[in-house]
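There's a structure below that I have some questions on.
Just follow the structure's listing: the first ligand is 1, and inside any ligand the first atom is 1.
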Amino acid sequence: MKTHGYGWANGKIILMGEHAVVYGEPAIALPFTGTKVEVHIKPAETTQLISTYYQGPLSNSPDSLHSIHVLITKLLTHFDYQAGLSFTITSTIPAERGMGSSAAVAVAVTRAVFHFFDVPITHDLLLHFVNQAEKIAHGNPSGIDAAATSGKNPLYFIKGAPFEDFPLNIDAYLVVADTGIKGQTRAAVASVAQLRQTAPDTTIPALQQLGKLAKRARQTIIHNQPAQLGACMSNAHFLLQQLSVSNSCLDNLVDTALQAGALGAKLTGGGRGGCLIVLAENRLVADGIEQQLRLQGAKQTWVQGLGAYEHV
Ligand code: PMV
């Protein structure tokens, strides 16, 4: 056992395929290194949490931290540890923006506990603990948040099939912008389901086309074709608009990015708020886009290099 433990995790974004993935089409998620959670552990009299939302004994933590409470209890039982530990959690991942913040906290807590006990953790065991916490936080998670916040590569996934990772090697920059509005994943998923019932002739082909674009996007990443990836992203945004999951704020910021020279832009995740993602051919263009997005009201922006040497 050490005198301290440390764990970390990234945020995640969905690059392509949101909503269509619910209907069996492929999607791509990316670890998003622009945001991060870190957890530090040290021995204490009783087990306690120190975070932005709550500071105090684990046993009194609020409902919003219930999944972390259960996770820590399971981890300490796993190591048969009876004494207290203090967990300091710091995060730059905004909550409820589709960036996987709950999974990332669970990944960082689990890594920190194994580090404290000086025991290496396999990726499978990490996901086992994190997915238990995610079940409590989200009911029936796909597991993609846990996999993408703990890994380094893009993940290609189809519901019910194992995740496939592939190398990120595209000479371009991704700008991520937060509208500042909470995403409405649940409502958006429900309205796509309704559209699929009431207007199947347009909705089903749109969902299938989103799946095709996700497949094509994977090829463009493997073959380092930024312009083609940008086109896939903008096409996907147009289809997501048809599915009624965008809103005027996202549409305005997508237009702003395109006018500022983006190769492509789209909403990411559930939509109707949350974040958008923009592809830029180099850092200079990315910085210019970031500035324009902020002028148009984006609350926060991040830039991530996507080339093999940028992404660590
Ligand atoms: O915003 P997020 O990261 O929760 O992504 C939602 C993705 C959807 O495809 C809209 C829903 C889902 O369960 O896959």
Inset, instruction - Could you please spell out the steps behind the side-chain hydrogen bond (donor to acceptor under 3.5 Å, both in side chains) verdict for Q304 and T33? - result: CA-CA 7 Å; Q304 174 172 320; T33 53; 3.2 Å; yes
Inset, instruction - Verify the ring-centre separation between F117 and Y81: is it less than 6.0 angstrom? - result: yes
Distances for all N or O pairs of ligand 1 and the protein under 3.5 Å?
| residue | atom | partner | partner atom | Å |
| --- | --- | --- | --- | --- |
| ligand 1 | 1 (O) | T185 | OG1 | 3.4 |
| ligand 1 | 1 (O) | G270 | N | 2.9 |
| ligand 1 | 3 (O) | K12 | NZ | 2.7 |
| ligand 1 | 3 (O) | G98 | O | 3.3 |
| ligand 1 | 9 (O) | H19 | N | 2.8 |

Legend entry - Student check: side-chain heavy atoms of N10 and F32 closer than 4.5 Å: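 No, too far: nothing below the 4.5 Å cut-off.
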Legend entry - Short side-chain to backbone donor-acceptor contact, Q300 and D178, under 3.5 Å: no
Inset, instruction - Report, as yes or no, whether the 6.0 Å neighbourhood of atom CG on D63 holds more than 12 heavy atoms from other residues, nucleotides or ligands. - result: no
Inset, instruction - Following the transitive rule for hydrophobic clusters with a side-chain heavy-atom cut-off under 4.5 Å over Ile, Leu, Val, Met, Phe, Trp and Tyr, establish whether L229 and I222 coincide in one cluster. - result: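 Hydrophobic grouping puts L229 with I222.
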